[in-house]
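Down below is the structure, laid out as structure tokens.
Numbering of ligands and ligand atoms starts at 1, following listing order.
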Amino acid sequence: MALTIESAQSIFSNTQVPSPIPATIALFDQLSVEDQLAYLWYAYTEMGRTITPAAPGAARLQLAESLLTQIKLMSPEEQTQVMRDIASRADTPISRSYGFFSVNTKLAFWYELGELMKQGIVAPIPTGYQMSPGVKVVLEATQKLDPGQQITVLRNTVVDMGFDTSELGPSSYPKAVAEPAFPRTAPTATTSVKIDGITEPAVLKYIEAMNADNFDAAIDLFTPEGALQPPFQKPIVGREAISKYMREEAQGLNMMPKQGIMEVKPDGSKQLKITGVVQTPWFGVNVGMNIAWRFLINPQGKIFFVAIDMLASPQELLSLRPV
Ligand code: ECH
């Protein structure tokens, strides 16, 4: 039987536990724009008492430079309005420019605005702002999450901001800029990867390549029509699209798979579920994200599909049993 992405998406799906991350984001989505910005400020500064992101490099900030310069020159009221426009995905020139930013440039832009807000150069949350009951609910939900889940909520809300540029024709796209390199925060695991219960070469090579930012080697492991499904997203299909995605979003990640299970199917394809921890260069060794990889390897040993899922709780790291 031919492998399809749809059937691949459901491998081991009966072992998945609903994640509290989309539930928290759904609460956030119900807030007014003012409340959303206030929530992000409180969540970010509260989190900053224990963990803070690494400052983005100069090359990364340069991509956001023109917007930041425009904002610095504005009146406090205008600055607040720009932040609202971006958060509400309004169709304004600044919100459009933001919409074209890559994920990491969006994060760098807000990182810098946060610094400028702390320094009083950009308008802070209005004095006298009364925290609404809705903000309290989302903050309480956020506090119950582990740090890896908290930074995922922050990241995903920031990614969704800005005018939705996906519907615009290609002529409106700004020239593609090369993604600046993300420095690695921990020594690269260049030596061979070991995962309890797993010897599948494609998987071991995948982790090795990703931990060295060797995306060409990682892509070679996929079938031409293969797909990669990031957490809470639709599958990205085909080598070219996966390669572009990895260069934008998978740089500098430290992947530490711990254990896995494998099932061989009658057609010779293999299904594997592996759990472990991933660190992002934004937070380095200070935040571990508990994740699972669900691989479908074709009979020729190529990756047809891999889904990356955020785990609901650390217990899931260990509860690996085919059901
Ligand atoms: C302020 C107030 C106004 C509004 C805003 C503010 C600023 C907020 C800021 C937030 C910064 C947040 C950051 C979050 C970073 C999160 C990073 C994450 C990374 C997860 C990566 C994973 C990778 C998985 C993958 C694997 C693969 O095998 C294939 C590839 C891939 C306060 C001003 C907004 C500044 C920096 C969660 C899980 C394992 C799928 C990539």
Is the backbone N or O of [Y] less than 3.5 Å from a side-chain atom of [X], with the two atoms forming a donor-acceptor pair by type?
{"X": "Ser88", "Y": "Arg84", "value": "yes"}
{"X": "Gln149", "Y": "Asp146", "value": "yes"}
{"X": "Thr157", "Y": "Val153", "value": "yes"}
{"X": "Ser97", "Y": "Pro93", "value": "yes"}
{"X": "Thr80", "Y": "Pro76", "value": "yes"}
{"X": "Ser95", "Y": "Ile86", "value": "no"}
{"X": "Gln279", "Y": "Met255", "value": "no"}

Considering only protein heavy atoms, which is closest to [atom], and at what distance to one decimal place?
{"atom": "atom 40 (C) of ligand 1", "result": "Tyr245 OH, 3.4 Å"}
{"atom": "atom 12 (C) of ligand 1", "result": "Leu107 CD2, 3.6 Å"}
{"atom": "atom 22 (C) of ligand 1", "result": "Met289 CE, 4.3 Å"}
{"atom": "atom 17 (C) of ligand 1", "result": "Arg155 CD, 3.6 Å"}
{"atom": "atom 1 (C) of ligand 1", "result": "Trp41 CE3, 4.4 Å"}
{"atom": "atom 29 (C) of ligand 1", "result": "Tyr206 OH, 3.1 Å"}
{"atom": "atom 8 (C) of ligand 1", "result": "Tyr44 CD1, 3.9 Å"}

At a non-hydrogen distance cut-off of under 4.0 Å, which region of [X] contacts ligand 1 (side chain, backbone, both, or neither)?
{"X": "Thr152", "answer": "both"}
{"X": "Trp282", "answer": "side chain"}
{"X": "Met83", "answer": "neither"}
{"X": "Met246", "answer": "neither"}
{"X": "Thr157", "answer": "neither"}

Margin query: Is a donor from one side chain sitting under 3.5 angstrom from an acceptor on the other, for Tyr98 and Thr105?
Written below: no
Note to self: Between Glu248 and Asn104, do the side chains contain a donor N or O and an acceptor N or O under 3.5 Å apart?
What the structure shows: no
Checklist line | side-chain hydrogen bond (donor to acceptor under 3.5 Å, both in side chains) partner of Thr15, chosen from Glu316, Arg294, Lys273 | finding: Lys273
Relative to the heavy atoms of [X], which atoms of ligand 1 are at a distance of less than 4.0 Å?
{"X": "Met255", "result": "26 (C), 27 (C), 28 (O), 39 (C)"}
{"X": "Ile291", "result": "39 (C)"}
{"X": "Val158", "result": "34 (C)"}
{"X": "Tyr111", "result": "35 (C)"}
{"X": "Phe283", "result": "13 (C), 14 (C), 15 (C), 36 (C)"}
{"X": "Gly114", "result": "33 (C)"}

Margin query: Please compare Leu253, Ile236, Val122, Val159 and report which has the shortest non-hydrogen distance to atom 25 (C) of ligand 1.
Written below: Leu253
Check: Among Phe215, Trp110, Trp293, whose heavy atom sits nearest atom 3 (C) of ligand 1?
Finding: Trp110
Notebook entry, point to check: Should the pair Phe182 and Trp282 be assigned to parallel (<30°), tilted (30 to 60°) or perpendicular (>60°) ring geometry?
Noted result: perpendicular
Next item on the list: Check whether the ring centres of Phe163 and Phe100 lie less than 6.0 Å apart, and answer yes or no.
Entry: no
